[in-house]
> 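Next up is a structure, given as structure tokens.
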Amino acid sequence: MNADIDTVAVPGTVAGNHLAVKNRNESEPADSSLLQDVFRMIDHASGYLDLAPGLSEQIKQANAVYQVRFPVRFGNEYRIFTGWRAVHSEHRLPVKGGIRFAPIVTQEEVEALAALMTFKCALVNVPFGGSKGGLMLDPRDYEEEDLERITRRFAKELIAKGFISPSLNVPAPDLGTSQREMAWIADVYRNQFPGDINALACVTGKPVSQGGIAGRREATGRGVQFGLREFFRHADDVSHAGLSGGLAGKRVILQGLGNVGYHAAIALTLEDDVSVIVIVERDGALISEQGLDIQAVYDYLRETGGVRGFPGAQFVEDGRHVLEMECDILIPAALEKQITSENAARIRATLIAEAANGPITADADQILQESGKTIIPDIYLNAGGVVVSYFEWIKNITHMRFGRLDRRIDEARGEAVLDTLQQMLGRAVPDSLQQNIQRGPDEIDLVRSGLDDTMRQAYREMQSVRHANGRTPDLRTAAYVVAMEKVATTYREMGA
Ligand code: GLU
């Protein structure tokens with residue numbers, strides 16, 4: 001399902017939900033649960049690390065899970081809602097991770113996703129522990145005002161128990177939630193703690209006008225773009241994936257056109273010349289060998305609630321089989337467990353870029369690895385959201401927007417460079433270049449630059465583990481090794 005991760009608020013509709021593709025749990029064969037898969041991965045990565053007895057167990061299990069059940073009145077009846085917030089690791093505080101609203105949320109899923117947050121943050125050097133929340137409901141079943149009441153009540157419950165706090169636990173959007181829910185949550189917190197000067201930092205992914213940061217909404221999708229760009233800078237990895245050249249001209253199958261899928265696809269098609277030949281959505285798939293117009297499909301999807309009937313492309317109802325079509329890059333940006341032991345052997349893409357959380361089960365992962373596929377793992381590739389959440393949190397606790405102090409200095413410096421250049425050349429530099437040299441960075445420029453740098457750095461850290469280790473682990477194992485080593489180091493230094 002929409003991995004993000006955070007989803008787009010659709011003005012005038014009930015929620016920022018975008019349950020891109022149905023969860024197939026019921027019809028799926030024996031593959032283990034996401035939590036079991038994460039545990040398996042931790043055990044596997046432990047084999048590459050020198051952890052003291054017991055430490056990998058501490059790194060594995062959630063530290064705390066709070067389950068809450070609360071009533072909300074609808075006319076003369078009460079409806080009962082169940083939600084969770086899991087805290088996976090508090091080796092760094094606050095802990096961080098989204099809150100999802102979905103009918104299929106379970107405690108186990110929330111725990112698994114909290115663990116992924118721990119490793120995601122560690123891998124991309126975001127100094128937070130991991131957490132995740134979930135509320136069992138389908139936001140599409142509720143009017144906006146009802147959803148607001150439910151969200152506020154859920155927030156109140158979590159705040160009361162310390163599961164939302166600027167210094168302890170900071171949620172963000174995820175599947176079925178968006179900026180709108182984050183603004184409600186921030187408001188509840190502020191009302192409860194009017195004297196807390198850092199109240200706004202209790203949640204990230206807020207609207208920019210409510211203490212949010214430019215570029216947070218696109219962040220996970222942008223991170224996918226920056227991660228793929230970095231992958232294509234490593235010729236060895238590219239040829240190992242059976243590909244050559246750069247991103248330009250690569251043919252992509254995208255599953256899920258929610259917030260992550262949309263922003264990734266827009267950036268990749270418009271800026272990297274990638275061609276999205278298939279989009280798989282909840283009601284089926286669109287196919288066009290010439291490449292789909294992402295914005296047009298997205299607008300159509302928002303308008304009609306599906307992709308069926310989109311003009312100029314072939315529609316196929318059985319979206320799942322379309323994942324098996326030939327392409328260069330398969331980007332699952334929807335639900336977890338989309339590639340299982342049932343369909344893994346039929347996947348033809350040689351590079352799979354996990355924009356969703358846990359789209360490939362551990363069994364499927366093994367099948368794919370054995371058949372020589374390359375997987376860019378979720379904890380790396382979809383970390384852009386939490387990276388920019390970190391920037392937002394910093395902005396909130398410093399109470400100042402990025403660039404406020406130095407933007408004019410940068411501009412003055414640019415002007416001086418331009419003057420010198422023009423004097424030396426004896427002629428004026430073309431207008432378009434002048435703009436580039438003179439302009440000081442805006443918040444969005446700084447956010448994108450910080451995200452880009454973070455994604456490059458994290459990839460290189462994964463690479464260094466792969467090359468330093470005679471056993472050359474795959475990228476997912478390398479990502480876990482890097483992340484777990486950092487978590488373990490913190491525990492060792494703390495003396496826990
Ligand atoms: N929900 C996003 C994720 O799963 C972002 C979490 C955050 O920003 O805290 O990565």
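Residue numbers start at 1 and run along the sequence shown. Order of listing sets the numbers, starting from 1, for every ligand and every atom in it.
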> Taking the side chain from S89 and the backbone from G129, do they hold a donor-acceptor pair closer than 3.5 Å?
no
> Counting from 1, what ligand 1 atoms have a heavy atom of G385 closer than 4.0 Å?
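Per the distance check, 8 (O).
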> Below 4.0 angstrom from a heavy atom of V386, which ligand 1 atoms are there? Numbered from 1 as shown, please.
7 (C), 8 (O), 9 (O)
> Pull out every atom of ligand 1 sitting under 4.0 Å from any heavy atom of G98, numbered as shown with elements.
1 (N), 6 (C)
> Are the side chain of K486 and the backbone N or O of A122 linked by a donor-acceptor pair below 3.5 Å?
yes
> Does a donor on one side chain sit under 3.5 Å from an acceptor on the other, for R216 and S389?
yes
> Counting each atom of ligand 1 from 1 as listed, which ones have a heavy atom of M117 under 4.0 Å away?
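Result: 3 (C), 4 (O), 6 (C), 10 (O).
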> Could you tell me whether ligand 1 has any atom less than 4.0 Å away from a heavy atom of M182?
no
> Please state whether the rings of Y480 and F119 are parallel, tilted or perpendicular, taking 30° and 60° as the class boundaries.
tilted
> Would you check whether K120 has a nitrogen or oxygen atom less than 3.5 angstrom from a nitrogen or oxygen atom of ligand 1?
yes
> Look at the side chain of D378 and the backbone N and O of G358, then say whether any donor-acceptor pair between them is shorter than 3.5 Å.
yes
> List ligand 1 atoms under 4.0 Å from D174, heavy atoms only on the residue side.
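Answer for ligand 1: 1 (N), 2 (C), 4 (O).
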> May I ask you to check whether K132 has an N/O atom sitting below 3.5 Å from an N/O atom of ligand 1?
yes
> Taking heavy atoms and a distance under 4.0 Å, where does N357 meet ligand 1: side chain, backbone, both or neither?
side chain
> Give a yes or no answer on whether the side chain of D445 reaches the backbone of D442 with a donor-acceptor pair at less than 3.5 Å.
yes
> Going by the order shown, which atoms of ligand 1 are within less than 4.0 Å of some heavy atom of K96?
7 (C), 8 (O), 9 (O)
> According to salt bridge (Lys or Arg N to Asp or Glu O under 4.0 Å), does anything in residues 380-397 pair up with another residue at least two apart or in another chain? List the pairs.
K206-E392, K395-E443
> Applying ring-ring contact (aromatic ring centres under 6.0 Å, His included), can you list everything that pairs with Y300, at least two apart in sequence or on another chain?
F310
> With a cut-off of 6.0 Å (strictly less than), are more than 12 heavy atoms of other residues, nucleotides or ligands near NZ of K60?
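It does: K60 NZ has more than 12 such atoms within range.
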> For ligand 1, which atoms, with element, lie under 4.0 Å from some heavy atom of A172?
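Reading through ligand 1 atom by atom, the close ones are 6 (C), 7 (C), 8 (O), 9 (O).
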> If you measure from each heavy atom of R100 to ligand 1, is any distance below 4.0 Å?
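No, R100 has no heavy atoms under 4.0 Å from ligand 1.
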> Can you tell me if P173 has a non-hydrogen atom under 4.0 Å from ligand 1?
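In this structure, P173 qualifies as a contact of ligand 1 - some heavy atom is under 4.0 Å.
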